[in-house]
Amino acid sequence: MPIYPPILQRGDTIGIVTLGSPLSAVTIDNGIAVLRNMGFNVVLGKYVYSVDGFLAGTDEQRASDLMNMFIDPTVNMILPSRGGVGVAGILPYLDYSVISRNPKILTGYSDISVLMNALYQFSDLVTFSSLLLIDFTLSTPAYNYNQFFEATSTFTAPRLIRNPPGMLLVSKVLGNVTGTLVGGNLTSITDTLGTPFEIDTNGKILFIEETHEPINKVYRMINRLKLAGKFTNCIGIVTGECTGCQTAYGKTYQNLIDEVLVPLGKPLLTNLASAHGYYKAAIPIGAPVNLNTYNTTLTVLEASVSMPQNWRGPGL
């Protein structure tokens with residue numbers, strides 16, 4: 001059974017962690033200022049500003065920051081500063097039973113995808129493919145904030161995930177299926193294959209998106225998932241954008257969808273605003289959803305958050 005984290009309320013405390021690549025202090029501080037202006041308290045992990053080459057500290061240090069946020073009873077939500085690379089390195093150092101006993105909102109995308117799927121698989125915790133700290137800026141589209149707070153600060157259910165106006169969802173293979181939604185960034189989830197943290201797609205709806213990769217490399221990663229049986233045992237597929245992905249050998253991302261994913265015959269919904277795109281839907285990883293490509297909808301069936309003991313009324 002999925003474990004839903006307590007709802008986010010105004011005045012709650014958000015814990016900031018850097019779990020993969022480092023981020024500049026200026027960018028971190030700017031995001032913190034936006035959160036405080038929104039009415040949140042902010043606490044920082046010990047290694048938030050750390051820089052060790054392409055990582056923000058050792059695997060053990062970054063993992064300890066995350067565990068401390070889960071354990072701290074004053075922290076209501078955990079917000080990674082960014083993704084980058086290296087998030088998989090912290091996975092062996094997490095205590096998943098402790099996390100399941102201390103559920104909290106965790107959001108992100110990019111390399112945070114490996115963490116979100118691991119938290120579902122080993123702790124039953126529902127997380128959100130949604131905003132990172134780098135997305136809390138004065139120029140962030142209202143759509144992104146609306147999606148984020150509807151998912152984390154309301155008990156809305158069922159919740160229809162809609163694209164922003166002018167950006168159409170597209171049904172490629174017809175079908176109507178209900179199951180748990182898993183997945184995220186294609187590079188990151190492909191890297192879990194053959195590890196103890198390999199993504200489980202059996203009976204699930206698989207969501208994938210990518211950024212700034214040539215299409216021949218995107219094909220390579222999709223084919224790896226295919227050879228590993230991840231499309232054979234899933235029941236449906238949702239694709240986000242391939243933001244900034246370059247045409248290769250005359251092939252586009254759309255060609256790849258039509259020539260590789262459509263023939264799989266699984267209900268397929270494409271062009272979901274998400275993750276690395278300018279517009280970002282709030283997509284619950286580990287939650288039950290309905291994918292209906294006859295009417296081109298993706299619906300979250302249950303409230304993605306639970307009522308805390310200190311419930312103070314309606315959300316933000």
(Q) Please determine whether salt bridge (charged side-chain N to carboxylate O under 4.0 Å, His left out) holds for the pair Lys251 and Glu259, giving the CA-CA distance in whole Å, both sets of side-chain angles, and the decisive distance to 0.1 Å. (A) CA-CA 10 Å; Lys251 296 292 185 179; Glu259 296 171 12; 3.0 Å; yes
**Q.** Short side-chain donor-acceptor distance under 3.5 Å, Ser188 and Asp111
**A.** yes
Q) Heavy-atom distance under 4.5 Å between the side chains of Asp95 and Met67, does that happen here? A) yes
Q.
I want to check something: taking the side chain as every heavy atom from C-beta on, are Leu8 and Val305 in contact at a cut-off of under 4.5 Å?
A. no
Q. With a 4.0 Å cut-off, would you call Lys217 and Glu210 a salt bridge?
A. no
Q: For a side chain to side chain contact (heavy atoms under 4.5 Å, CB included) with Tyr109, tell me which candidate from Ile285, Leu132, Asn185 qualifies.
A: Leu132
Q. Who passes side chain to side chain donor-acceptor pair (under 3.5 Å) against Asp12, sequence neighbours left out?
A. Arg312
Q. Do His212 and Thr243 meet the criterion of a side-chain donor-acceptor pair at a distance under 3.5 Å?
A. no
Q: Check the side chains of Tyr49 and Asp29 for a donor-acceptor pair under 3.5 angstrom, ignoring hydrogens and angles.
A: yes
Q.
Heavy-atom count check: over 12 atoms from other residues, nucleotides or ligands less than 6.0 Å from Tyr219 OH?
A. no
Q: Begin with the C-alpha distance, continue with both residues' side-chain angles, and end with the deciding distance and a verdict on side-chain contact (heavy atoms from CB on, under 4.5 Å) for Glu209 and Leu186.
A: CA-CA 6 Å; Glu209 60 83 31; Leu186 180 60; over 6 Å; no
Q) Is Lys230 reaching over with its side chain to a backbone N or O of Ala228, donor-acceptor style, under 3.5 angstrom? A) no
Q: Decide yes or no for Leu23 and Ile134: does some side-chain heavy atom of the first lie under 4.5 Å from some side-chain heavy atom of the second?
A: yes
Q) Okay, side chain of Ser274, backbone of Lys280: is any donor-acceptor separation there less than 3.5 Å? A) no
Q) Just wondering, are more than 12 heavy atoms of other shown residues or ligands nearer than 6.0 Å to CG in Leu160? A) yes
(Q) Please enumerate all residues that pass ring-ring contact (aromatic ring centres under 6.0 Å, His included) together with Tyr93, with sequence neighbours excluded. (A) none
Q) Given side chains that start at C-beta, do those of Met69 and Val17 come closer than 4.5 Å, heavy atoms only? A) yes
Show every donor-acceptor pair shorter than 3.5 Å between a side-chain atom in residues 35-46 and any protein atom, with sequence neighbours excluded, or say none if there are none.
residue, atom, partner, partner atom, Å
Asn37, ND2, Ala33, O, 3.3
Asn41, ND2, Gly11, O, 3.0

Q) What residues, two or more places apart in sequence or in another chain, satisfy ring-ring contact (aromatic ring centres under 6.0 Å, His included) together with Phe197? A) Phe122
Q: Return the minimal non-hydrogen interatomic distance between Asp59 and Ile90, and the atom names on each side.
A: O-CG2, 3.7 Å
Q: Tell me, please, which residues at least two apart from Cys242 pass disulfide bond (SG atoms under 2.5 Å apart).
A: Cys245
Q.
Is any side-chain heavy atom of Asn176 closer than 4.5 Å to one of Thr293?
A. no
Q: Apply ring-ring contact (aromatic ring centres under 6.0 Å, His included) to Phe148 and list each qualifying residue two or more places apart in sequence or on a separate chain.
A: Phe136
Q | Main-chain N/O of Thr13 paired to Asn76 side chain as donor or acceptor, under 3.5 Å | A | yes
